[in-house]
Asker: 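Sending over a structure as structure tokens; questions will come in a sec.
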Amino acid sequence: MAKVLTCRKEDYAQWYNDLVIKADMAENSVVRGCMIIKPYGYAIWEKIQSELDKMFKATGHSNAYFPLFIPKSFFSKEANHVEGFAKECAVVTHYRLKNDPEGKGVIVDPEAKLEEELIIRPTSETIIWNTYKNWIQSYRDLPILINQWANVVRWEMRPRLFLRTTEFLWQEGHTAHATREEAVDETLKMVDLYARFAEEFMAMPVIKGTKTEFERFAGAIDTYAIEALMQDGKALQSGTSHFLGQNFARAFDVKFLDKTGKLDLVWATSWGVSTRLMGALIMAHSDDNGLILPPRLAPIQVVIVPIYKGSGQLKDIGNTARKIRKDLEYRNISVKYDDRDIYKPGWKFAEYELKGVPVRIAIGPRDIENLTVEVARRDTLEKVTIPQDKITDHIQNLLTEIQENIYNRALNFREKNTHYINDYEEFKDLMEKNGGFVLAHWDGTSETELKIKDETKATIRCIPLDSPEEEGKCIYSGKPSKKRVLFAKAY
RNA sequence: CGGGGUGUAGCGCAGUCCGGUAGCGCGCGUCGUUCGGGACGACGAGGUCGUGGGUUCAAAUCCCGCCACCCCGACCA
């Protein structure tokens with residue numbers, strides 16, 4: 001088969017780039033760092049959105065929409081928050097263009113300067129808390145459980161398709177609560193929800209944990225995250241949920257009267273996942289032939305390819321194909337029958353493998369004669385011949401099996417690449433060679449964390465929630481430690 | 001911002017050293033033969049050579065300036 005992708009072994013980053021483009025998911029735009037999400041890529045994002053949205057609603061959240069522009073002054077209200085985002089904000093200073101008097105196209109009209117600059121949201125805490133101030137007076141107004149689907153802009157130094165783009169799509173939940181406990185519960189509930197989504201829909205095992213002070217969200221008391229291991233041994237932070245304490249309520253003066261008539265600041269959380277999940281999905285499962293999509297997120301779950309000579313054969317095959325499609329669609333399986341005459345079967349096989357379609361059915365004259373079809377699965381590339389009257393059940397079971405198989409494969413990979421390390425030399429050696437997850441003891445100081453980062457490029461991805469209490473010594477400083485933390489090189 | 005590289009047809013590139021008709025592969029269009037793992041033939045369309053200046057009879061090619069993009073680092077969902 002003709003190679004369209006760079007091999008993973010040869011150059012993992014190049015393989016990723018090739019795949020995103022060749023599978024027709026996205027391309028770079030004329031604006032540096034901003035991508036064009038193409039229909040096939042967007043269809044996957046829509047599946048992600050749709051499933052998450054159902055989960056948010058099932059946990060009591062509603063969608064709303066807040067503005068793209070945020071007054072500059074809002075960013076000075078929460079000190080840590082501005083420090084975290086100031087370096088990467090796009091700023092709107094003018095609101096009008098005019099023809100260049102010297103005839104060189106258009107220029108920014110200097111007379112149309114804004115009194116106060118507007119910041120294109122890098123995240124919406126500030127404008128949302130400024131709004132919540134007007135919505136909240138009493139404990140009866142709480143909780144507020146809102147999510148928004150939006151685009152945000154962060155002026156990153158080095159963009160990569162899906163993984164780190166200047167503009168990206170995401171959802172951001174922003175909730176307001178009467179008590180600390182309730183807000184903490186919400187934070188945990190949402191990180192659990194993300195983990196469940198990653199594992200059940202993306203077939204991607206994740207580790208839940210809290211971030212260290214150094215890695216924490218700007219303005220948060222606690223940041224919880226899900227971390228996944230990619231095939232090149234690097235970690236990808238795939239979702240975060242922040243307990244914001246009363247920081248934003250304090251910054252925007254959002255108070256409420258409790259049942260006893262006492263005035264108190266409101267407790268906050270925020271949580272989000274972004275189009276970065278697309279990158280995670282690609283890197284968690286795919287191979288040198290292309291994308292491998294989990295059936296639960298694949299826009300096309302089954303493709304039917306006819307193999308024929310002449311229009312007579314195509315007609316018989318078409319009738320069989322359409323009947324199979326109808327039976328599968330009846331069970332809510334999405335099916336594409338590709339009878340385009342401009343491409344040969346071999347071309348189509350390669351194309352749908354590149355695009356990660358979980359199951360392919362091929363029907364040729366041989367099958368018409370024998371009342372069979374050929375079924376190929378994308379995850380293992382295995383092909384079997386199945387009687388036509390068994391096909392619907394077979395496909396339905398196969399989709400479930402593929403979903404489980406790619407999850408287990410990713411889980412096995414992670415287990416093989418998760419190491420318990422007690423020796424710093426061993427740690428350095430591992431980070432240099434294979435990467436992967438390392439569980440090691442840490443003395444809890446940012447100083448040690450930073451030194452390890454400088455020396456090995458590995459960072460503390462999280463302090464895993466399920467990490468057991470255990471007496472140990474910090475891998476770097478030798479000071480006592482009670483818990484292992486998760487180290488990895490990260491995206 | 002530091003280091004490296006690249007701008008030539010939709011895409012990938014050669015041509016630049018040594019100035020002289022702008023080329024190759026893929027893709028695209030028409031027609032025909034094909035079709036169980038990326039088919040083949042014939043004909044055809046398509047380029048301000050990133051940009052501004054300079055040298056020259058003549059510039060993709062030499063000289064000077066500018067711009068853009070990519071890769072490696074610091075930043076990051």
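Reminder, nothing fancy here: chain letters follow the sequence lines and each chain counts from 1. Computed from a predicted structure; not experimentally measured.
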Asker: Grab the CD-P distance between Glu167(A) and rA77(B) for me, whole Å please.
Answerer: 18 Å
Asker: Looking across every strand, which nucleic acid part, if any, lies under 4.0 Å from Gln237(A) by heavy atom: base, sugar-phosphate, or nothing?
Answerer: sugar-phosphate
Asker: List in numerical order all residues of residues 304-322 of chain A for which some heavy atom is under 4.0 Å away from an atom belonging to RNA chain B.
Answerer: Ile307(A), Tyr308(A), Lys309(A)
Asker: For rC75(B), take OP1 and OP2 only and decide whether either is under 4.0 Å from a side-chain N or O of Lys453(A).
Answerer: yes
Asker: Just to verify, what does Lys489(A) make a salt bridge (Lys or Arg N to Asp or Glu O under 4.0 Å) with, not counting sequence neighbours?
Answerer: none
Asker: Distance check: side-chain N/O of Lys22(A) vs OP1/OP2 of rC11(B), anything under 4.0 Å?
Answerer: no
Asker: Give me the ring orientation class for Trp149(A) and Trp45(A): parallel if the planes are under 30° apart, tilted from 30 to 60°, perpendicular past 60°.
Answerer: perpendicular
Asker: Could you check Tyr491(A) against Asp367(A) and say which one's nearest nucleotide on RNA chain B is further toward the 5' end?
Answerer: Asp367(A)
Asker: Please work out if Thr165(A) contacts a base, only the sugar-phosphate, or nothing of the nucleic acid, heavy-atom cut-off 4.0 Å.
Answerer: base
Asker: Just to verify, what does Glu449(A) make a side-chain hydrogen bond (donor to acceptor under 3.5 Å, both in side chains) with, not counting sequence neighbours?
Answerer: Thr212(A)
Asker: Should rC18(B) form a Watson-Crick or G-U wobble pair with both distances under 3.5 Å, which nucleotide is its partner?
Answerer: none
Asker: Could I get the full list of salt bridge (Lys or Arg N to Asp or Glu O under 4.0 Å) partners for Asp53(A), not counting sequence neighbours?
Answerer: Lys57(A)
Asker: With sequence neighbours excluded, what pairs up with Glu447(A) under the salt bridge (Lys or Arg N to Asp or Glu O under 4.0 Å) test?
Answerer: Lys451(A)
Asker: Determine whether the side chains of Gln148(A) and Ser124(A) contain a donor N or O and an acceptor N or O closer than 3.5 Å.
Answerer: yes
Asker: Counting Watson-Crick and G-U wobble pairs only, both distances under 3.5 Å, name the nucleotide matched with rU30(B), or none.
Answerer: rA42(B)
Asker: From C-beta outward on Glu88(A), which listed nucleotide comes closest to its side chain: rG36(B), rG38(B), rC75(B)?
Answerer: rC75(B)
Asker: Using purine N1 to pyrimidine N3 plus N6-O4 or O6-N4 for Watson-Crick, or N1-O2 and O6-N3 for G-U wobble, both under 3.5 Å, which nucleotide pairs with rC76(B)?
Answerer: none
Asker: What's Lys383(A) touching, base or sugar-phosphate or nothing? Going by heavy atoms closer than 4.0 Å.
Answerer: base
Asker: For Ala64(A) and Ile146(A), work out which heavy atoms get closest and say how close.
Answerer: CB-CG2, 3.8 Å
Asker: Let's see if you get this right: which residues in residues 270-277 of chain A place a heavy atom under 4.0 Å from RNA chain B?
Answerer: Ser274(A), Arg276(A)
Asker: Any base atoms under 4.0 Å from Arg340(A), or only sugar-phosphate, or nothing? Heavy atoms, all strands.
Answerer: nothing
Asker: Would you please name every residue forming a salt bridge (Lys or Arg N to Asp or Glu O under 4.0 Å) with Asp185(A), sequence neighbours left out?
Answerer: none
Asker: Report the base-pairing partner of rG36(B) (Watson-Crick or G-U wobble, both distances below 3.5 angstrom), or none.
Answerer: none
Asker: For Asp18(A) and rC11(B), what is the distance between atoms CG and C1' respectively, to the nearest whole Å?
Answerer: 13 Å
Asker: Using atom CD1 of Ile21(A) as one end and atom C1' of rG12(B) as the other, report the distance to the nearest whole Å.
Answerer: 12 Å
Asker: Taking atom types as modelled and ignoring hydrogens, do the side chains of Thr223(A) and His242(A) form a donor-acceptor contact shorter than 3.5 angstrom?
Answerer: yes
Asker: Among residues at least two apart in sequence or on other chains, which ones pass side-chain hydrogen bond (donor to acceptor under 3.5 Å, both in side chains) with Glu213(A)?
Answerer: none
Asker: In the structure shown, which nucleotide is the Watson-Crick or G-U wobble counterpart of rC66(B), with both distances under 3.5 Å?
Answerer: rG50(B)
Asker: Given that both distances must come in under 3.5 Å, which nucleotide forms a Watson-Crick or G-U wobble pair with rA60(B)?
Answerer: none
Asker: Can you measure Tyr352(A) atom OH to rG38(B) atom C1' for me and round it to whole angstrom units?
Answerer: 13 Å
Asker: Could you list all the side-chain hydrogen bond (donor to acceptor under 3.5 Å, both in side chains) pairs where at least one residue sits in residues 275-285 of chain A, not counting sequence neighbours?
Answerer: none
Asker: Give the nucleotide from the list rG38(B), rA39(B), rA77(B) with an atom nearest to the side chain of Phe168(A).
Answerer: rA77(B)
Asker: Provide a list of protein-nucleic acid N or O atom pairs under 3.5 angstrom, restricted to nucleotides 67-73 of chain B.
Answerer:
| unit_1 | atom_1 | unit_2 | atom_2 | d |
| --- | --- | --- | --- | --- |
| rC72(B) | OP2 | Arg158(A) | NH1 | 2.2 |
| rG73(B) | OP2 | Arg158(A) | NH2 | 2.6 |

Asker: Please tell me if Lys344(A) has a side-chain N or O lying less than 4.0 Å from either OP1 or OP2 of rG38(B).
Answerer: no
Asker: Applying side-chain hydrogen bond (donor to acceptor under 3.5 Å, both in side chains), name anything that partners Asp341(A), two or more places apart in sequence or on another chain.
Answerer: Tyr308(A)
Asker: Paired with rC24(B): which nucleotide, if any, by Watson-Crick or G-U wobble criteria at under 3.5 Å for both distances?
Answerer: rG12(B)
Asker: Can you list every side-chain hydrogen bond (donor to acceptor under 3.5 Å, both in side chains) pair that touches residues 368-380 of chain A, not counting sequence neighbours?
Answerer: Asp287(A)-Arg378(A), Asp367(A)-Thr372(A), Arg377(A)-Asp379(A), Arg377(A)-Thr380(A), Arg377(A)-Glu401(A), Asp379(A)-Asn405(A), Thr380(A)-Glu382(A)
